[in-house]
Amino acid sequence: MAKPEHEITWKELNVGCVIDEPGNAAAYRTGDWRSQRPVYNKDRCIRCGTCYIFCPDMAIKILADGYIEHDLYYCKGCGICVEECPTDAITMVDEEE
Amino acid sequence: MATRVGMEVSIAAAEAVKQANVDVIAAYPITPQTHIVEHLSEVVNNGELDAEFIPVESEHSAMSVCTGSSAAGARSFTCTSSQGLALMSEIVYITSSLRLPILMLLANRSLSGPLSIWNDHTDVMSIRDCGWIQVFVENGQEVYDHVFIGYRVAEDRNVLLPFMVNLDGFVLTHVIEPIEFLDQEIVDRYLPPYQPKYSLHPDHPVTMGAFATPALYTETKKAQTESLTEAMPYVLKAWQEFGDMTGRYYHPVETYKTEGAKVVLVTQGSLSETATLAIDSLQGAGEPVGLVKIRLWRPFPFEEFKEAVAGADLVVVMDRAISYGGPGGPLASEIRSALYAQEKRPRIVNFIAGIAGRDVAPEDFVHMIQQAQERPGEWYELYGVRE
Ligand code: SF4
Ligand code: SF4
């Protein structure tokens, strides 16, 4: 995976900042944008997968047993999963908490 | 053998683009650049040049098309003037940041308003910091030559930057001059096919024009400004090799009778030829006055310039654009900062002249120099303005 962007020196950039490594956007931590994070209550979850479909960052993984897991490296804290979950199994808390 | 032909400069410029065997031409006609584009559409239409001629709906699209085609590895050409440049300016900056070796001829014309179609340098000065290599030419031969030189420099793997040739609208574009044409085999030898370092191709996918966060943007700008500064030796090399081939040598800063000159006049573009007549008449009258012409505007040739004016007590700079509410003209600003750190610094006086096609005759240069000699201090004024 590519070097984290805050470590790249100007001499290491390709001519014209061309990116020649496919898929290296995966290295970008959109989780840095977050001011609130989702908290998952497995007991309320009915394994419908709605949150997984709606998450704009594909930051929700469906596990083998059908329950879900948030990937906080990418979750940018938009709260859409909270809004869409039919059973209120996800809530948002401030990052500091 | 090279042949010498009397021809309108715009047509000669278009013929050079044809000889440079470009792959894509995207341009929108605008006065006074029109004849260049018209002639190119003819040579493509009648099969003299195997290229895509894309009649875009605006200059913004012209530069966008060239950016895309150059990114795909095609030798790409456009030309414009004034408002056209203003409209395409958004993409002009992107092209240099993507390091795409596009050639643009800019037929210099004043920016509106008031609406004016005549010649000055307000258009190019509005995008001075766009990151392109920028040269000024004086006559038709220099325009013709710089089409080849431009691509040669731009496409050099050590450079990979877009190249802009500034030629004065009407006074250069629309005059008939003797042009020495190069044989095609000489052009082909000097300008081999473009071999891009990166190009858009499905077999080797790359991303061009990605975004950069604050964590990286500064590094991208450092790389970009270094690329322009570091282009200098390759510009010099291309000029040297062109000179060895044709006998026509070009330099970042060119001097005319500056030996022993205590007063130096500084000009850019085609008015430099008129200025030589003023220098001749002043030297005839025993005045130690010489002329320095700035051919290379970016990267700015600081060392060459300092050397050229080393013996002068007074530097009279003629600008053809104004920095409203600022220190005068952009050329004079540059020259002041170039000389600021010198221990012995000449007095610098700035005239803004020849705005929107107002004639500047040899007598006007004589008058400017005399005024600068008589009136002490450092100042600027709009030459010949009616009070
Ligand atoms: S808060 Fe937004 S980004 Fe994070 S998991 Fe939920 S939907 Fe995805
Ligand atoms: S939307 Fe709610 S109930 Fe459905 S899978 Fe996601 S967390 Fe579970």
Task: Interface moiety of Thr220(B) toward chain A, non-hydrogen atoms closer than 4.5 Å - done: both
Open item on the list: With a 3.5 Å distance limit and no angle check, can you tell me whether Tyr74(A) reaches the backbone of Met58(A) through a side-chain donor-acceptor pair?
Closed with: no
Open item on the list: Salt bridge or not between Lys222(B) and Glu219(B)? Use side-chain N to carboxylate O under 4.0 Å.
Closed with: no
Task: Glu334(B)/Arg298(B) ion pair, N-O < 4.0 Å - done: yes
Task: Contacting moiety of Glu226(B), where chain A heavy atoms sit under 4.5 Å - done: side chain
Task: Part of Leu160(B) lying under 4.5 Å from any heavy atom of chain A - done: side chain
Task: Residue Phe211(B) versus chain A: region with a heavy atom under 4.5 Å - done: side chain
Open item on the list: Looking at Tyr151(B), I'd like to know if the NZ or CZ of Arg75(B) sits under 6.0 Å from its six-membered ring centre while staying within 45 degrees of the ring's axis.
Closed with: yes
